[in-house]
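Heads up: the structure comes next, in structure tokens.
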Protein chains: 2
Amino acid sequence: MKDTDDKLTNRNIKPTAMRELVLDILTEQKMAISLSDLEQKFHKSDKVTLYRTLKTFEEKKLIHSIDDGTGAVKYALCKESCQCHPEDLHVHFFCLKCQHTFCLSDIPIPSINLPVNFSIENINMVVKGVCSSCND
Amino acid sequence: MKDTDDKLTNRNIKPTAMRELVLDILTEQKMAISLSDLEQKFHKSDKVTLYRTLKTFEEKKLIHSIDDGTGAVKYALCKESCQCHPEDLHVHFFCLKCQHTFCLSDIPIPSINLPVNFSIENINMVVKGVCSSCND
DNA sequence: AAGTTTATGCAACTGAGTTGCAAACTAATC
DNA sequence: GATTAGTTTGCAACTCAGTTGCATAAACTT
Ligand SMILES: [Mn+2]
Ligand SMILES: [Mn+2]
Ligand SMILES: [Zn+2]
Ligand SMILES: [Zn+2]
């Protein structure tokens, strides 16, 4: 898995076996997953190690986190070029039927005119509704 | 407190002593507060009663909830006319310095062009940064 | 190889949110 | 006013995501 390895080193993350496994799983996902989702993809695993792996990945901007209001933060891969600046961010969607959280990677978060003297560092925008698969 | 009383009955909430107290506290706040914030405004109180009070208020659209990513959901009063429809919603702001969460009641959530077949029921948009008071 | 740093695994804890149940209270009926 | 039925409140106990501490293991450094 030289590719996985590179993705890690490119983000200044030491490529351990554990981290490669986690990155591979994250790469496979079509939707954002939570820590406990991730835990269940292993037969035997330690929640804390996975927790710290996700923290490291997020810190190094390999993944981003989504607070979708379900009580469990979800994670999804960032694009190669992503620096998680406000301009880089996209809208997320939580489907009330299938309970899945998706990146709407093509929909940038619209810019907001904040009141004077407010400065901005980050935005979390989650739309809730029914996804196309569930809208038959 | 006939006014408080009316606000409750207008939303079809039976005006008990407890609920009037909670509504009064919520009315006083300049920022959104969490369940435990609310709990601390009482000398002696029961978290569960406050929890259920907030749930009732939210259900009846007297208040709305804000998931600001801090791990504790915040609550703030709705406007008299609010029905909590997507058009009624506004942006929220979380200050990374003072850790306060504000309603930016004057800033409506911009409308989003979702992919085909996605339907929308609700939006949570939280901007994080530094508020005007903290930006001296 | 010895020493140093970093990653992993296990146990134990925190804190938000939630449920069940019994007592208190309120409203409706007789 | 007493009886009943429905609603609200208070207490205990629980769930579950997230987190910390610490000991061991593995990876680099000299
Ligand atoms: Mn995303
Ligand atoms: Mn608000
Ligand atoms: Zn769906
Ligand atoms: Zn501030």
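Residue numbers begin at 1 in each chain, while the letters A, B, ... track the order of the sequences.
Defined by atom type and a distance below 3.5 Å, a donor-acceptor pair is present between the side-chain atoms of A:Ser34 and A:Asp37. Side-chain contact, A:Ser45 with A:Lys41: no donor N or O sits under 3.5 Å from an acceptor N or O.
To the nearest 0.5 angstrom, A:Leu38 atom CG is 6.0 Å from A:Leu26 atom CG. Atom-to-atom distance recorded for B:Lys128:NZ and A:Ile120:CD1 is 12.0 Å, nearest 0.5 angstrom. In this structure, the separation between CG on A:Asn117 and SG on B:Cys134 is 11.0 Å, given to the nearest 0.5 Å.
Between the C1' atom of C:dG9 and the CG atom of A:Leu50 lies a distance of 11 Å, rounded to the nearest Å. Atom CD1 of B:Ile66 is separated from atom P of C:dA16 by 17 Å (rounded to the nearest Å). As rounded to whole Å, 11 Å separates atom C1' of C:dA16 from atom CD of B:Glu39. Between B:Leu38 atom CG and C:dG17 atom P the separation is 12 Å, expressed in whole Å. Nucleotide C:dA16 holds its C1' atom 13 Å from the CG atom of B:Asp68, rounded to whole Å. Rounded to whole angstrom, the span from the CG atom of B:Leu54 across to the P atom of D:dT8 amounts to 15 Å. Following rounding to the nearest Å, B:Lys55 (NZ) and C:dG17 (P) show an atom-to-atom distance of 9 Å. Rounded to whole angstrom, the span from the CE atom of A:Met18 across to the C1' atom of D:dA25 amounts to 15 Å.
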Item to complete: Report, as a single string ordered 5' to 3', how protein heavy atoms within less than 4.0 Å touch nucleotides 12-17 of chain D: B base, S sugar-phosphate only, - not at all.
Response: B----S
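Out of D:dT8, C:dT8, C:dT18, the shortest distance to the side chain of A:Arg19 is found at C:dT8. Comparing C:dG17, C:dC10, C:dT8 against the side chain of B:Tyr51 picks out C:dG17 as the nearest. The B:Thr53 side chain lies nearest to D:dT9 when the options are C:dA7, C:dT19, D:dT9. Side chain of B:Lys14, nearest nucleotide from C:dT18, C:dA7, D:dT7: D:dT7.
If you check every strand for non-hydrogen atoms under 4.0 Å, A:Arg52 touches a base. Across all strands shown, A:Thr49 has heavy atoms under 4.0 Å from base atoms, whether or not it also approaches the sugar-phosphate.
Between B:Thr16 and D:dT9, a side-chain N or O to OP1/OP2 separation shorter than 4.0 Å is present.
A heavy-atom distance below 4.5 Å is not found between the side chains of A:His90 and A:Ile107.
Below 30°, between 30° and 60°, or above 60°: for A:Phe93 and B:Phe118 the angle between ring planes is above 60°, a perpendicular geometry.
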